[in-house]
Trainee: 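Would you mind keeping the following structure in view while I ask a few things?
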Amino acid sequence: MFLNDNINHGTISEMTTPQLKALCRELRGSILHTVMKNGGHLSSNLGTVELAVAIHYVYDVFGGDKVIWDVGHQAYAHKLLTGRLSRFDTLRKKNGVSGFTRRAESPADAFISGHSSTSVSAAYGISTAMCLKGENGAVAAVIGDGALTGGMAYEGLNNAGKTASNLTLILNDNAMSISKSTGALARYLAHIRSTRKYYCAKERFKTALSAVPLVGRSLEKALAATKTLVKEALYDSSNLFENLGFAYIGPVDGHDLENLTEALSVAKLMKRPCVVHVFTRKGKGYKPAELNPGEYHAVAENGVVEEFVYDRVPAHSDGSFSEAFGRELERLGKSDSRICAITAAMKYAVGLNYFKNSCAPRFFDTGIAEQHSVTFAAGLAVQGMLPVFAVYSTFLQRGFDQIIHDCAIEKTHITLCIDRAGFVGADGETHQGIFDVPMLRAVPNTAIFCPATFEELRRCLSEAVYRTEGIACVRYPKGGEPTVMGVPERFRNAFEPVREYYYSGKSSGTLAITYGRISADLSRACDRTSADMLRLVTINPFPVKIFDVAAGYERIVFFEEGSIRGGAAEGFFAELARRGYRGRVECVGVEDGFVPAATVDEQLAMYGLDFDGMVGKLGER
């Protein structure tokens, strides 16, 4: 067995090709076993095994070289090759190995990479700093072709090509991000991939020519002068990367260890900006993932495939908020030709595959381009369309400027459907949906709806699309709706769909407030502690009447599954104080910092947002 906690560049660089291949088999086995048990990203990691081995064959990440992975969810093999084998069974668990690269976890992780398209800028910054400090190490950044659809990558490319530092960009080209890569860039890379025919033909011709007796070598040298002409004819004499100042090597078979190590070695020796174009196959070595890489992009615990192929779900099964949203938008889209649906490379994840199947001309996959998506939606809106951009909360952060400048100032009406709002579990700090409420509440002309059930989601979507001016946001969590089974009789009608808020009525001196997923647990906690309950659906702007309701209580506790700073609770209490309230107020939520990887239930308990935590807080006197 070659894989162990002590493996490093020194041991890998001394291995023979058969040994390296055996190491790859061990890596695939470990990744497959762990991901099928713990959940995680599968297809991308199976596809980068040989690439990771080749990188650590050439680069010494404990000896001065730096390697960045973009996105970091494809770096499991890298983690296993840098001393984390014995802890790998804790992948994506509380206090365990992160599903992404983290500098805090290992010095081998040069940069955090939970969000896409950042590697070029980070690598350029790292390599520039190393040059300024007189350090000799080389920097390599692995960027997927999906990540290359993000505009930030081009900002980095435009600058990094000017540097004299030893910087190599490894383009991991598998023609997919989560959904298949789309747009002009995807077509451009497909064109470059087709030039492999040139390289294959060249090698076959060279071998045959050298075999000709007596004159073979001479003919080979004579024809070398015409090689550039032949290459330009096949290669179209145009390469984006070369035009930006990078040397270009490739395309290279990303599963051929000998060619990979040769290409990366040459790039490192160049000591200048270079792109090594590698083509890989997602899911390599595991047939189900090879055949359905999108479906196996992410796997839940115990090998359950997550929500990426909804087409296989029974027609009337609403298993998640994402699916309930997707089916409702499809229904609305069939009857209204103004509705357009937008996704940033996550068609299946956000449930928009239904809309695409029924309303394809009005479905738009922008690639990993949240900034573009928001402004594109604004462009549609000013021409009378009704754009709906479905996006994870954590990724919406990237479109903040566009939300303010391109939409809010002129009350341009777009609908933002914010998936994975609140805690998301094992993806860790980079993916928790806890900042969208503070971010959006700060923006004028913005309404925020927080449905607690699927039916309420449907009503909120209609309200957002048809009866709200400016920016209309509908936010909902990952997974299914909270069960209302066991909800106390006193609060049974608390989960009937409402437009703005539900109030239980006054029977005590304590009022508990919340919104969204945790409402069901709060109803039970209120019943246990005899507190009254106010469940909000509209959290921006607040319904005016709720301040009159709250004014009659001695004590108010606001439970919020998100950041308290700038959140709904803080805003509510600020307005209540402005109106003269002098009672006791408390916020329960994420007070500071970032939410680490754990299960959603564990995260709720960590911040006092589970049933026991609510009972404990409401029971305080």
Side-chain angles (χ1 to χ4, degrees), residues 300 306-307 318-325 328 349-351 390 392-394 396 417-427 431-438 440 448-461 473-488 491-492 494-498 500-502 512-527 533-540 557-564 567-569 587-590 595 598-615 617-618:
E306 285 198 349
E307 305 156 342
D318 288 341
S320 70
F321 277 97
S322 304
E323 185 182 352
F325 154 74
E328 181 64 10
V350 297
Y392 282 15
S393 168
T394 184
L396 182 62
C417 288
I418 305 170
D419 203 330
R420 270 61 169 184
F423 298 150
V424 300
D427 280 333
H431 281 59
Q432 307 301 328
I434 64 171
F435 298 114
D436 62 283
V437 171
L440 293 166
I448 307 174
F449 302 97
C450 302
T453 65
F454 292 162
E455 182 56 34
E456 201 162 72
L457 167 61
R458 297 180 186 103
R459 296 197 184 188
C460 286
L461 181 58
C473 307
V474 183
R475 64 188 306 275
Y476 41 90
K478 177 181 180 179
E481 62 186 345
T483 177
V484 295
M485 296 296 293
V487 169
F491 299 106
R492 189 57 53 87
F495 297 95
E496 293 297 320
V498 294
E500 292 186 322
Y501 67 92
Y502 158 83
I513 308 175
T514 196
Y515 58 88
R517 166 170 55 189
I518 60 176
S519 300
D521 275 344
L522 182 59
S523 71
R524 298 181 184 96
C526 286
D527 186 64
M533 177 178 174
L534 177 64
R535 180 177 74 83
L536 302 178
V537 177
T538 303
I539 63 169
N540 197 62
V557 184
F558 200 129
F559 296 90
E560 183 164 19
E561 188 184 341
S563 175
I564 289 177
C587 301
V588 180
V590 182
V595 179
T599 66
V600 171
D601 287 343
E602 287 173 334
Q603 290 167 340
L604 291 170
M606 287 165 58
Y607 293 95
L609 296 170
D610 63 338
F611 171 75
D612 290 337
M614 292 172 175
V615 168
K617 174 57 68 175
L618 293 174

Trainee: Can you give me the closest heavy-atom contact between Pro451 and Cys460, atom names plus distance?
Mentor: CB-SG, 4.0 Å
Trainee: Any ion pair linking Arg524 and Asp527 (charged N to carboxylate O, less than 4.0 Å)?
Mentor: no
Trainee: What distance do Met533 atom CE and Ile513 atom CD1 have between them, rounded to the nearest 0.5 Å?
Mentor: 10.5 Å
Trainee: Among Cys526, Ser519, Ser523, which residue meets the side-chain contact (heavy atoms from CB on, under 4.5 Å) test with Thr514?
Mentor: Ser519
Trainee: Does any N or O in the side chain of Glu455 come within less than 3.5 Å of the main-chain N or O of Glu496, such that one atom is a donor and the other an acceptor?
Mentor: no
Trainee: Just do the side chain to side chain contact (heavy atoms under 4.5 Å, CB included) check on Val600 and Arg517 with the steps written out, would you?
Mentor: CA-CA 11 Å; Val600 171; Arg517 166 170 55 189; 3.9 Å; yes
Trainee: Rounded to the nearest 0.5 Å, how far does CG of Asp610 lie from CG of Asp521?
Mentor: 7.0 Å
Trainee: Is the shortest heavy-atom distance from the side chain of Val474 to the side chain of Leu457 under 4.5 Å?
Mentor: yes
Trainee: Please give me the minimum heavy-atom distance between Glu481 and Phe454, naming the atom from each residue.
Mentor: OE1-N, 2.9 Å
Trainee: Should the ring pair Tyr476 and Phe321 be called parallel, tilted or perpendicular, given that the plane angle runs from 0 to 90° and is split at 30 and 60?
Mentor: parallel
Trainee: How far apart are the closest heavy atoms of Glu561 and Ile518, and which atoms are they?
Mentor: OE1-CG2, 3.6 Å
Trainee: Apply side chain to side chain contact (heavy atoms under 4.5 Å, CB included) to the pair Tyr515 and Ile448, showing each step before the final yes or no.
Mentor: CA-CA 11 Å; Tyr515 58 88; Ile448 307 174; over 6 Å; no
Trainee: Rounded to the nearest 0.5 Å, what separates atom CD1 in Ile434 from atom CZ in Phe423?
Mentor: 6.5 Å
Trainee: When you measure from the side chain of Gln432 to the backbone N and O of Gly425, does any donor-acceptor pair fall under 3.5 Å?
Mentor: yes
Trainee: Could you walk me through whether Cys450 and Leu536 pass the side chain to side chain contact (heavy atoms under 4.5 Å, CB included) test, one step at a time?
Mentor: CA-CA 7 Å; Cys450 302; Leu536 302 178; over 6 Å; no
Trainee: If you round to the nearest 0.5 Å, how far is NZ of Lys478 from NE2 of His431?
Mentor: 9.5 Å
Trainee: Checking Glu560 side chain against Gly589 main chain: does a donor-acceptor pair fall under 3.5 Å?
Mentor: no
Trainee: Got Arg475 and Leu440 here, is their nearest side-chain heavy-atom distance under 4.5 Å?
Mentor: no
Trainee: Strictly distance-based, threshold 3.5 Å: is any side-chain N or O of Glu500 a donor or acceptor partner for the main-chain N or O of Thr538?
Mentor: no
Trainee: Measure the spacing between CG of Asn540 and CZ of Phe449 and express it to the nearest 0.5 Å.
Mentor: 10.0 Å
Trainee: Determine whether Phe558 and Ile564 satisfy the following criterion, side chain to side chain contact (heavy atoms under 4.5 Å, CB included), listing intermediate values before the conclusion.
Mentor: CA-CA 10 Å; Phe558 200 129; Ile564 289 177; over 6 Å; no
Trainee: State, to 0.1 Å, how close Leu618 and Ala512 come at their nearest heavy-atom pair, and which atoms those are.
Mentor: CD2-CB, 3.9 Å
Trainee: To the nearest 0.5 Å, what is the distance between SG (Cys473) and CG (Leu396)?
Mentor: 7.5 Å
Trainee: What closest approach, in Å, do Phe495 and Thr453 show between heavy atoms, and which atom pair accounts for it?
Mentor: O-CG2, 4.3 Å
Trainee: For residues Leu609 and Met614, report the shortest heavy-atom separation together with the two atoms involved.
Mentor: O-CE, 3.2 Å
